[in-house]
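So that the names make sense, note that chain A is the first sequence line, chain B the second, and so on, each numbered from 1.
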2 protein chains.
Amino acid sequence: MVRLSKRVEYGLIAIRDIASRTGGDLVTAKEISDRYGIPYDLLAKVLQRLSKAGLITSHQGVRGGYALTVDPRQVQVSAIIHAIEGTTPVIAQCLSDGPTSCDVFNVCTIKSPLTKVQANIERAFRTMTLAEIV
Amino acid sequence: MVRLSKRVEYGLIAIRDIASRTGGDLVTAKEISDRYGIPYDLLAKVLQRLSKAGLITSHQGVRGGYALTVDPRQVQVSAIIHAIEGTTPVIAQCLSDGPTSCDVFNVCTIKSPLTKVQANIERAFRTMTLAEIV
DNA sequence: GTAACTCGGACTCTATTGGTCGTATATCAA
DNA sequence: TTGATATACGACCAATAGAGTCCGAGTTAC
Ligand code: SF4
Ligand code: SF4
């Protein structure tokens with residue numbers, strides 16, 4: 001409950017690793033997988049998502065790999081999470097999927113307080129940048 | 001991901017309802033279940049947890065039900081959640097289950113940043129009291 | 001051409017969650 | 001005393017989401 005997915009954790013570890021490399025040399029998925037003991041296939045897909053979102057670039061083929069494209073000080077953690085999960089972490093279903101997603105919606109008395117908590121959490125992820133976790 | 005359980009939502013709705021009653025009359029689980037369209041059995045168990053934690057008192061038998069025992073301004077939302085789930089919402093497994101719970105622990109580079117986010121979230125739940133959601 | 005990469009979907013397995021059921025127990029009022 | 005109305009509690013089932021695997025591609029350097 002209220003737990004980050006492993007995908008996100010792996011993604012954060014990975015992008016942090018990529019960001020920490022000085023110079024423009026590429027890092028392969030296997031390399032990261034080995035260094036941290038993260039399942040290769042899982043990590044690979046996470047990296048693909050990050051690349052698709054434009055946070056890192058991918059280079060296929062021999063001597064390929066990944067590299068950071070953005071300024072670590074500019075990219076916020078919430079953007080990384082969104083790139084990986086396709087959505088922002090939401091505390092209650094109705095906050096992301098709309099009124100029809102919960103059949104208690106119209107009598108629900110806790111929506112607005114929860115919205116405040118939600119805003120709080122979002123801010124926490126938005127104000128923290130990649131540079132801060134390197 | 002990072003979602004509150006239905007149990008917690010139902011519990012918050014229920015305790016808010018109980019708290020909103022003026023006078024000391026009891027509220028039955030069925031009553032709340034009907035008013036909000038919450039599954040009876042599920043709600044019942046949540047109320048039992050709240051009662052076991054001392055946040056509300058239970059009275060069995062005919063004309064029984066539940067009543068609030070604490071000052072709404074004193075009880076924080078985090079206490080309610082803890083009563084229901086038996087634990088505090090934690091963003092990463094290692095933060096609750098210790099180093100051995102994650103086999104990436106010793107090479108994990110994101111523990112300390114996540115701890116900050118965690119503190120943030122905890123504060124959000126701790127600073128919000130029952131009185132604020134009534 | 002081939003080795004070393006990324007790409008992307010389909011797939012399985014497992015844990016968590018949401019919800020149900022059955023039964024026991026307490027209380028009150030007729 | 002009996003029966004209706006409550007909570008108490010554990011076992012159970014069903015649905016969903018999560019973690020992890022597999023495989024058959026495309027790409028590029030050498
Ligand atoms: S409506 Fe209330 S109960 Fe339903 S998801 Fe939104 S917050 Fe939770
Ligand atoms: S060690 Fe790192 S990866 Fe493992 S649970 Fe804690 S934060 Fe997540």
Side-chain angles (χ1 to χ4, degrees), chain A residues 1-11 13-14 18 25-34 36-53 56-67 81 84-87 89-93 96-97 101-104, chain B residues 1-11 13-14 18 25-34 36-53 56-67 81 84-87 89-93 96-97 101-104:
Chain A
M1 176 210 184
V2 190
R3 183 153 304 174
L4 249 35
S5 70
K6 282 294 180 193
R7 275 192 292 274
V8 165
E9 294 194 337
Y10 294 161
I13 293 177
I18 296 174
D25 35 337
L26 303 177
V27 194
T28 73
K30 178 156 186 14
E31 213 173 327
I32 299 178
S33 155
D34 284 347
Y36 298 100
I38 298 174
Y40 174 80
D41 303 275
L42 194 48
L43 173 66
K45 244 182 309 191
V46 170
L47 289 173
Q48 285 164 28
R49 303 258 185 105
L50 290 175
S51 132
K52 209 168 181 181
I56 57 179
T57 44
S58 66
H59 294 274
Q60 282 184 289
V62 180
R63 284 189 53 80
Y66 296 95
I81 297 180
I84 295 171
E85 296 287 9
T87 161
V90 205
I91 226 176
Q93 193 170 9
S96 61
D97 303 355
S101 63
C102 177
D103 39 321
V104 190
Chain B
M1 178 210 185
V2 189
R3 184 154 304 174
L4 250 33
S5 70
K6 282 295 180 194
R7 275 192 295 274
V8 166
E9 293 195 336
Y10 293 162
I13 292 177
I18 296 174
D25 34 337
L26 303 177
V27 195
T28 72
K30 176 154 187 15
E31 213 173 326
I32 299 178
S33 155
D34 284 347
Y36 299 100
I38 298 174
Y40 173 81
D41 303 276
L42 193 47
L43 174 65
K45 244 182 310 189
V46 171
L47 289 173
Q48 285 164 28
R49 304 255 186 107
L50 290 175
S51 131
K52 210 168 181 182
I56 58 180
T57 46
S58 66
H59 295 274
Q60 283 183 289
V62 179
R63 283 190 52 82
Y66 296 95
I81 297 180
I84 295 171
E85 297 286 11
T87 161
V90 204
I91 224 177
Q93 194 170 10
S96 62
D97 303 355
S101 63
C102 177
D103 38 321
V104 190

Student: When rounded to the nearest 0.5 angstrom, what distance separates CG in A:Leu43 from NZ in A:Lys30?
Tutor: 11.0 Å

Student: For the pair made of NZ in A:Lys45 and P in D:dA19, what is the distance, rounded to whole Å?
Tutor: 12 Å

Student: Return the value, rounded to whole Å, for the distance between atom OH of B:Tyr10 and atom P of C:dT17.
Tutor: 14 Å

Student: Inspect the contact between A:Lys45 and A:Asp41 and indicate whether a charged nitrogen and a carboxylate oxygen are less than 4.0 angstrom apart.
Tutor: no

Student: Between atom CG in B:Leu50 and atom P in D:dA8, what is the gap in whole Å?
Tutor: 11 Å

Student: From CD1 of A:Ile32 over to P of C:dC5, roughly how many Å is that when rounded to an integer?
Tutor: 13 Å

Student: If you look at every heavy atom in B:Gly65 and B:Leu26, which pair is closest and at what distance?
Tutor: N-CD1, 3.8 Å

Student: Strictly under 3.5 Å: I want the nitrogen or oxygen pairs between protein and nucleotides 14-18 of chain D, one per line.
Tutor:
from: D:dG18; atom 1: OP1; to: B:Met1; atom 2: N; distance (Å): 3.1

Student: Check for a donor-acceptor pair, side chain of B:Ser33 on one end and backbone N or O of B:Pro39 on the other, with a separation under 3.5 Å.
Tutor: no

Student: At their closest point, which heavy atom of A:Leu47 faces which heavy atom of A:Ile56, and how far apart are they?
Tutor: O-CD1, 3.7 Å

Student: Rounding to a whole Å, what distance do you find between B:Asp103:CG and D:dA19:C1'?
Tutor: 12 Å

Student: Report the distance from atom CZ of A:Arg49 to atom P of C:dG8, rounded to the nearest whole Å.
Tutor: 11 Å

Student: What nitrogen or oxygen pairs link the protein and nucleotides 4-7 of chain D at under 3.5 Å?
Tutor:
from: D:dT5; atom 1: O2; to: B:Val62; atom 2: N; distance (Å): 3.4
from: D:dA6; atom 1: O4'; to: B:Gly61; atom 2: O; distance (Å): 3.1
from: D:dT7; atom 1: OP1; to: B:Ala29; atom 2: N; distance (Å): 2.7
from: D:dT7; atom 1: OP2; to: B:Tyr40; atom 2: OH; distance (Å): 3.1
from: D:dT7; atom 1: O2; to: B:Gln60; atom 2: NE2; distance (Å): 2.9

Student: Output the rounded distance in Å from CG (B:Leu43) to P (C:dT20).
Tutor: 12 Å

Student: Which heavy atom of A:Thr57 sits nearest to which heavy atom of A:His59, and what is that distance?
Tutor: OG1-NE2, 4.0 Å

Student: Report, one line per pair, each donor and acceptor closer than 3.5 Å where one atom sits in a side chain of residues 3-11 of chain B; sequence neighbours left out.
Tutor:
from: B:Ser5; atom 1: OG; to: B:Val8; atom 2: N; distance (Å): 3.3
from: B:Ser5; atom 1: OG; to: B:Glu85; atom 2: OE2; distance (Å): 2.4
from: B:Lys6; atom 1: NZ; to: B:Glu9; atom 2: OE1; distance (Å): 3.4

Student: As an exercise, state the distance from OH of B:Tyr36 to CG of A:Asp103, rounded to the nearest 0.5 Å.
Tutor: 15.0 Å

Student: Which heavy atom of B:Tyr66 sits nearest a heavy atom of B:Gln48, and at what distance?
Tutor: OH-CG, 4.0 Å

Student: Looking only at side-chain atoms of A:Asp41, point me to the closest of D:dC22, C:dT20, C:dA10.
Tutor: D:dC22

